[in-house]
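The structure appears below as structure tokens.
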There are 2 protein chains.
Amino acid sequence: METSKRPGGRSARVRDAVRQATLAELSERGYQGLTVENVAERSGVHKTTVYRRWGGIEGLISDALELASHEPWPIPDTGSIEGDLRGVVQLVRSGFADPELGPVSSAFVAAAVQDAAAARALHDFFAARHEQSAEVVRRAVARGELPDVVDPSEVIRVAVAPVYYRLFVAHEPVTERDADRAADAALAAARAGVL
Amino acid sequence: METSKRPGGRSARVRDAVRQATLAELSERGYQGLTVENVAERSGVHKTTVYRRWGGIEGLISDALELASHEPWPIPDTGSIEGDLRGVVQLVRSGFADPELGPVSSAFVAAAVQDAAAARALHDFFAARHEQSAEVVRRAVARGELPDVVDPSEVIRVAVAPVYYRLFVAHEPVTERDADRAADAALAAARAGVL
DNA sequence: CTCCAAAAACTACTCCAGTTGCGTTAGATC
DNA sequence: GATCTAACGCAACTGGAGTAGTTTTTGGAG
């Protein structure tokens with residue numbers, strides 16, 4: 001939500017309380033267990049207020065996502081593109097495997113599949129992630145490990161895509177080996193000059 | 001749903017009517033617009049009957065998905081692995097771009113993200129698709145185009161994953177060129193022996 | 001043709017997500 | 001520190017998803 005006329009007072013407190021409650025509820029109950037009433041009760045903010053300012057569950061998700069997108073994202077720097085790319089993909093995998101963060105991250109994906117506003121928020125989120133992660137590819141190009149015709153963010157996309165595909169489309173388990181293999185495949189393609 | 005004691009009579013008619021109505025509603029209104037009452041009214045079957053036999057929206061989706069999974073899936077045979085793999089990925093892309101089939105396919109993905117039963121149904125669906133599509137890889141191995149150490153269904157997964165990733169996770173548009181590039185990337189990885 | 005049982009139709013109900021109108025509070029402005 | 005107003009709290013209401021009990025239909029078996 002954008003800055004209101006009274007950003008420093010009660011409104012800001014309400015906003016923070018609701019955001020925090022949303023993340024907590026998401027972590028504990030997951031997306032399908034998330035209700036406006038639970039968030040309202042947990043945050044101490046009245047149900048009506050949540051509906052008025054956030055519009056509903058999708059609004060809560062979008063807001064929480066916007067908050068999450070500002071958190072820093074550690075870019076691996078192992079010295080080689082193999083290690084860096086594997087690191088990026090493993091970070092994705094472990095993020096969803098984490099018992100606390102996993103449900104929250106999954107909720108964002110689930111919400112975006114249904115709601116247009118959440119989809120836009122998630123789009124922006126991933127655009128930022130791609131851009132940041134692409135740094136490992138740009139460094140590899142600078143080191144001469146990859147041809148300079150590669151599209152850095154496309155390498156990232158192809159590397160992480162199989163993990164998301166398994167998790168949210170095919171609904172298959174994802175092992176660490178699967179993640180490494182996905183990273184290696186993207187790297188092979190980049191070396192061959194097709195990315 | 002499994003075969004009941006009276007598969008030839010009224011039960012079968014009801015089942016078909018509901019299935020067809022579900023697909024029609026899905027195509028017109030999408031997943032978020034799908035309600036049991038609409039399906040009931042459209043099919044001419046009473047609301048309570050739908051609830052009793054299908055349990056709810058998720059049951060309707062799972063049933064429709066099970067129906068869809070039995071439909072034949074055309075496997076390309078262009079003579080070369082490049083053409084075949086590109087054909088497989090383009091088939092995925094065009095399926096979601098189609099104004100009639102797209103909403104239905106998307107609904108399956110959306111439902112599976114939320115409901116465990118739908119997730120299982122979609123898992124089975126994709127397992128079958130992977131197995132069928134892997135034929136193009138096996139043929140390529142037989143022709144000597146690819147090393148025989150490749151995991152055929154893994155090549156398919158890596159090839160189609162970027163399309164699904166763009167559509168349902170990053171929510172980016174997917175061009176024909178994107179699809180070809182994904183196929184080419186998987187092929188390069190397979191040739192390099194990492195898949 | 002008759003009878004039986006399974007499945008569907010019908011009616012009426014519950015429950016809860018989401019809404020509305022109004023009164024109250026608190027932060028900003030002077 | 002008095003006032004003004006945006007934002008919040010509150011309680012009552014609405015509507016539709018989902019349920020339960022009962023009656024009616026229909027396909028199958030003897």
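Computed from a predicted structure; not experimentally measured. Naming convention: chains lettered A, B, ... in sequence-line order (proteins, then strands); numbering from 1 in each chain.
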Within this structure, what is the [atom1]-to-[atom2] distance between [X] and [N], rounded to whole angstrom?
X: B:Glu37; N: C:dT11; atom1: CD; atom2: P; result: 14 Å
X: B:Leu60; N: D:dA17; atom1: CG; atom2: P; result: 13 Å
X: A:Trp54; N: D:dA7; atom1: CH2; atom2: P; result: 12 Å
X: B:Glu41; N: C:dC10; atom1: CD; atom2: P; result: 13 Å
X: A:Glu25; N: C:dA17; atom1: CD; atom2: P; result: 12 Å
X: B:Arg13; N: C:dA9; atom1: CZ; atom2: C1'; result: 14 Å
X: B:Arg15; N: D:dG27; atom1: CZ; atom2: P; result: 17 Å
X: B:Tyr51; N: C:dA8; atom1: OH; atom2: P; result: 16 Å

Notebook entry, point to check: Where the side chain of A:Ser153 meets the backbone of A:Glu131, is there a donor-acceptor pair that is under 3.5 Å apart?
Noted result: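 No, A:Ser153 side chain to A:Glu131 backbone: no donor-acceptor pair under 3.5 Å.
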Practice prompt. For the pair B:Arg93 (side chain) and B:Val163 (backbone), establish whether a donor and an acceptor sit closer than 3.5 Å, ignoring hydrogens and angles.
Written response: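 Between the backbone of B:Val163 and the side chain of B:Arg93 there is no qualifying donor-acceptor contact (under 3.5 Å).
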Just to be sure I understand the rule, does B:Thr48 reach a base, reach only the sugar-phosphate, or reach nothing, if contact means heavy atoms closer than 4.0 Å?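 Base: the residue B:Thr48, judged by heavy atoms under 4.0 Å, touches a nucleobase.
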Check your understanding: Is a salt bridge present between B:Glu154 and A:Arg166, judged by a nitrogen-to-oxygen distance below 4.0 Å?
Key ->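 Looking at A:Arg166 together with B:Glu154, the answer is yes, because their closest N to O distance falls below 4.0 Å.
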Legend entry - N-O pairing of A:Glu66 and A:Arg120 below 4.0 Å: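 Here A:Glu66 does not pair with A:Arg120 in a salt bridge, since their nearest N and O are not under 4.0 Å apart.
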Original post:
Relative to the 5' end of DNA chain C, which residue comes earlier, B:Gly44 or B:Lys47, by the nucleotide with the nearest heavy atom?
Top reply: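 Looking at the nearest nucleotide for each, B:Gly44 comes out on the 5' side.
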Nearest to side-chain heavy atoms of A:His46, which nucleotide of C:dA17, D:dA11, C:dC10: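 The closest nucleotide is D:dA11.
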### Task
Ignoring the backbone of B:Val45, work out which of C:dC22, D:dG18, C:dA9 is nearest its side chain.
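Looking only at side-chain atoms, B:Val45 lies closest to C:dA9.
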Whether the side chain of B:Arg52 and the base of D:dG21 hold a donor-acceptor pair under 3.5 Å is what I'd like checked.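 Flag set: donor-acceptor pair detected.
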Would you confirm whether the ring centroid of A:Tyr164 sits within less than 6.0 angstrom of the ring centroid of A:Phe96?
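Close enough - the centres of the two rings lie under 6.0 Å apart.
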- Task: Indicate whether OP1 or OP2 belonging to D:dA7 is found under 4.0 Å from a side-chain N or O atom of A:Arg53.
- Result: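 It does not, given that no N or O in the side chain of A:Arg53 lies less than 4.0 Å from OP1 or OP2 of D:dA7.
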